[in-house]
Amino acid sequence: MGTIITGSAVCTDMTDSSIELSVAAGERCIKNAGIDPRTVDLLINIGVYRDDNIMEPAIAPLVQKRLGLNNDPCGGDLNVRTFSFDLLNGACGFLNAVQVADASLRCGMAANVLILSSDVHPSKSVNETFPFKHIGAAVLLSYDPNGDRGFRDIIYRTAANGSGGFSAYADTIKYGTAGRSSLTFVTDEDYLERLGDMAADTVREYIYSKRIDPSGVKFLVTTQQGKGLAEKIYRAAGLNGSGRAIDLHDEFGDTHTSSLSLGFHTIASGGLVQERDQVLFVAAGSGLTSACAAYVI
Amino acid sequence: MQTRFESLGVYLPDQTVSTQDLVARMATKPVFNLEELTGIRYRRWRDESEDSYSLALTAARKCLTSSRYSAEDLDIIICSSITRFKDGMSFYLEPALSKGLKGELGLRPDALNFDITNACAGMLTGLFILNNMIKSGQVKTGMVVSGECITPISETALKEIREPVDKQFASLTVGDSGAAYILDGTMDDAEGIDMIDFMTMSEFAELCFGMPSTENSGVAMYTDAMAIHKETIKRLPDIMVHMMKKHGISPRDIDFIIPHQTSSRAIHTAMDLCSHHFEVSPEICISLDKFGNTSSTSHFVVLHDYIKQGKIKKGSNVLFIALASGIVVGFVLARIGEIGIHEKLIQ
């Protein structure tokens, strides 16, 4: 029994709106899963960088509206509705959202959870200072009370001291009247190296503490902050069996909060996995944080 | 096993600003009496050294002071601020505010942290999440915290309101604050969270936006208050009756209702319509006159205030009603136990 992925999708269309990217990915995901949209009862948006630096409402209800997920249940069956909110934790948000979804599904507080992500420059245009790919991604989760499929425990670590390595903010005073279209990024020189080390440490700890057979890991799905990072984490974590790391940086760049959804979608839609294959998800980022979880197809 | 509020901490900055003072500073005066309409006489404003992060940190420390837990006992911290201002007026997108709070408060490196945003339903959305995580066995004990440095939208409104009916009038109702609570599990039926029920009526998601202003530096909030009032008033009684029937709750099971603190007139109109369906009317808790609308912390600022006044006490059944941009409608029914607050421990 466990929380399983019942659908996935990505959107790389030529739109630079975080809302539109999430809507497109969400629509495809629901269609791929073959479910009635009205049965999506929990929507979690994990995208961080949003149109116009919107602070309120959450992005999730704006996407929910465009997806038409029980937008106004009054007058109909009030038991059929959707609850939506944003969860923010940089590239680690995906695994946090999986935890939140898993808890909600196990408690009977949701049946189908849609996790959406997209990151764009707030100006809704291509900006060379923006380090992430404009992309949208979605996964749909539900609970399987039988069998052995799904997510296993997640471990989560934050670096105790020192610089977070990366920060992003909108200085609402300094930007003057350009607050809706400006962002500042600060990245330490050794950020990528520290990320890779921390992610590899977390995978090693996961393998040891959860008694995972490294040779049984078919794919390592990672965040994609730099060229070759996925492969580096794979090797440093001691994963030297017949499996491999999914490295999509050359094709997409840094897909940030969509990385893990994109990685999973790539292997699932490409027919690269079979039942009972084991996939390891590892996320690193958000100053400095890492998380790891096994998933059995 | 169910969850319960174990501890509560609220921080309100010292500086008090009256509605009369604010209106006196406006170039275009409202056509209505703002104080009479909203019931807000005063709100708190941060001092120059404070921001959302520091307000949250102070509240979290107060919450821990009253708790039987230390920071190292917490398995998770969730921050639900809308405003997310740190290092002054910088709106932080990464790292999560909860990451910094986790470090400064002294939580373990393996404790979970993430931020959520869900407008003024943020702290109650945190309750939805943490309640499920405790009940499913993922964590045992956690904190939900929010710091809201939200009066910068009032400062923008003072500069930008030009019409007698303007979308920025609601920005004059807000006050700064921080709030935190610790939630844990209990086998004691005498206290705990009995019911949580949330939905998002996204048809109306665009009736209120908070974002940077394009006329001045700083942030602004644009609210179609009339439309929000009309659409929610129309629907809230049916939703509330449905919720109570679904969960087998009688009005007699409720001693106090803590609604989101928007304006006293709006709250009373909504509650009057709902109470037509009830044979008894629980006491409606309002602290708007002193603190204004403190956004995502509002329910816990009011809970804290009523506990301090000795009105809500051990054994009180409290219904929290979330009503937030989105539009989020949510209900939480809680039996209050020996909840710690920093001024005194209620016995």
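No experiment lies behind these values; they were computed from the predicted model shown.
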Chain A heavy atoms under 4.5 Å from Glu215(B): which part of the residue, side chain, backbone, both or neither?
backbone

Would you mind telling me which of Ile196(B), Asp197(B), Ile78(B), Leu130(B) has the largest number of heavy-atom pairs within less than 4.5 Å of chain A?
Asp197(B)

Structural part of Leu183(A) lying under 4.5 Å from a heavy atom of chain B
side chain

For Tyr49(A) and Glu94(B): C-alpha separation, side-chain torsions, deciding distance, then whether side-chain hydrogen bond (donor to acceptor under 3.5 Å, both in side chains) applies.
CA-CA 10 Å; Tyr49(A) 302 98; Glu94(B) 284 193 68; 2.6 Å; yes

Using non-hydrogen atoms only, which part of Thr82(A) is less than 4.5 Å away from chain B: side chain, backbone, both, or neither?
backbone

Need one label for Arg81(A): side chain, backbone, both or neither, based on atoms under 4.5 Å from any heavy atom in chain B.
side chain

What verdict does the side-chain hydrogen bond (donor to acceptor under 3.5 Å, both in side chains) test give for Lys102(B) and Thr158(A), after you've listed the backbone C-alpha separation in whole Å, the side-chain angles of each residue and the deciding distance to 0.1 Å?
CA-CA 9 Å; Lys102(B) 175 180 168 178; Thr158(A) 43; 2.7 Å; yes

Ser182(A) versus chain B, the contacting section by heavy-atom distance below 4.5 Å:
neither

Can you tell which part of Lys86(B) gets under 4.5 Å to a heavy atom of chain A, answering side chain, backbone, both or neither?
neither

Is Asp87(B) close to chain A through its backbone or its side chain, or both, or neither, when contacts mean heavy atoms under 4.5 Å?
neither

Chain A heavy atoms under 4.5 Å from Asp110(B): which part of the residue, side chain, backbone, both or neither?
both

With a 6.0 Å cut-off on ring centres, are Tyr53(B) and Tyr92(B) close enough?
no

Choice from Ala205(B), Ser80(B), Ser136(B), Ser90(B) maximising heavy atom contacts with chain A below 4.5 Å:
Ser90(B)

Top contributor to chain B contacts, counting heavy-atom pairs under 4.5 Å, from Ala178(A), Gly285(A), Gly179(A), Gly176(A)
Gly176(A)

Distance flag, aromatic centroids of Tyr206(A) and Tyr208(A), threshold under 6.0 Å
no

Leu107(B) portion near chain A, given a 4.5 angstrom heavy-atom threshold
neither

So, the part of Leu43(A) with a heavy atom under 4.5 Å from chain B: the answer is neither

Side chain / backbone / both / neither for Phe185(A) at chain B, heavy atoms under 4.5 Å:
neither

Just by distance, do the side chain of Asp144(A) and the backbone of Gly150(A) share a donor-acceptor pair under 3.5 Å?
no

Does Asp119(A) reach the main-chain N or O of Gly47(A) with its side chain, forming a donor-acceptor pair under 3.5 Å?
no

Identify which part of Ala121(B) has an atom lying under 4.5 Å from any heavy atom of chain A, answering side chain, backbone, both or neither.
neither

Out of Phe114(B), Phe85(B), Phe204(B), return the one with the most heavy atom pairs under 4.5 angstrom to chain A.
Phe114(B)

Heavy atoms only: give me the nearest Ala283(A)-Leu260(A) pair and the separation to one decimal.
CB-CD1, 4.0 Å

For a quick check under 3.5 Å, do Asp184(B) and Thr141(B) share a side-chain donor-acceptor pair by atom type?
no

Looking only at heavy atoms and a cut-off of under 4.5 Å, which of Arg50(A), Arg106(A), Lys174(A), His256(A) has the most pairs with chain B?
His256(A)

Any side-chain to backbone donor/acceptor pair from Asp176(B) onto Arg46(B)? Under 3.5 Å, distance only.
yes

Contact origin within Tyr156(A) toward chain B - heavy atom pairs under 4.5 Å:
both

Is Met243(B) in contact with chain A via its backbone, its side chain, both, or neither, using a 4.5 Å heavy-atom distance?
neither

Engaged part of Lys234(B) at the chain A interface, taking heavy atoms whose separation is under 4.5 Å
neither

Asn79(A), part contacting chain B, at a heavy-atom distance under 4.5 Å
both

Taking 4.5 Å as the heavy-atom cut-off, does anything in residues 147-160 of chain B contact chain A, and if so which residues?
none

Part of Thr117(B) within contact of chain A (heavy atom distance under 4.5 Å):
both

What's the verdict on ring-ring contact (aromatic ring centres under 6.0 Å, His included) for Phe320(B) and Phe331(B), showing C-alpha distance, side-chain angles and the deciding distance?
CA-CA 6 Å; Phe320(B) 298 81; Phe331(B) 303 92; over 10 Å; no

Could you tell me whether Tyr222(B) and Phe209(B) have their ring centroids closer than 6.0 angstrom?
no

Max heavy-atom pair count under 4.5 Å with chain A, selected residue of Gly103(B), Gly326(B), Cys120(B)
Gly326(B)

Electrostatic pair Glu206(B):Lys65(A) at N-O distance under 4.0 angstrom
yes

Side-chain donor/acceptor of Gln225(A) to backbone N/O of Ala284(A), under 3.5 Å:
yes

Less than 3.5 Å apart, any donor N or O on the side chain of Ser259(A) or Thr223(A) sitting next to an acceptor on the other?
no

Quick check on the interface: out of Phe85(A), Tyr169(A), Phe83(A), Tyr175(A), who has the most heavy-atom pairs with chain B under 4.5 Å?
Phe83(A)

So among Ser296(B), Ser295(B), Ser52(B), Ser146(B), which one has a side-chain hydrogen bond (donor to acceptor under 3.5 Å, both in side chains) with Thr83(B)?
Ser52(B)

Do the side chains of Asp52(A) and Lys124(A) get close enough for a salt bridge, i.e. N-O under 4.0 angstrom?
yes

Best-contacting candidate, Leu112(B), Asp238(B), Ile129(B), Thr125(B), against chain A by heavy atom pairs under 4.5 angstrom
Leu112(B)

With a 4.5 angstrom heavy-atom cut-off, is it the side chain or the backbone of Asp41(A) that approaches chain B, or both, or neither?
neither

Could you tell me which portion of Val328(B) (side chain, backbone, both or neither) has an atom closer than 4.5 angstrom to a non-hydrogen atom of chain A?
side chain

Pair Asp115(B) + Lys99(B), salt bridge at N-O below 4.0 Å
no

Asn71(A) and Ser202(B) side chains, donor-acceptor separation under 3.5 Å:
yes

What's the verdict on side-chain hydrogen bond (donor to acceptor under 3.5 Å, both in side chains) for Asn96(A) and Gln99(A), showing C-alpha distance, side-chain angles and the deciding distance?
CA-CA 5 Å; Asn96(A) 292 137; Gln99(A) 289 176 299; 3.3 Å; yes

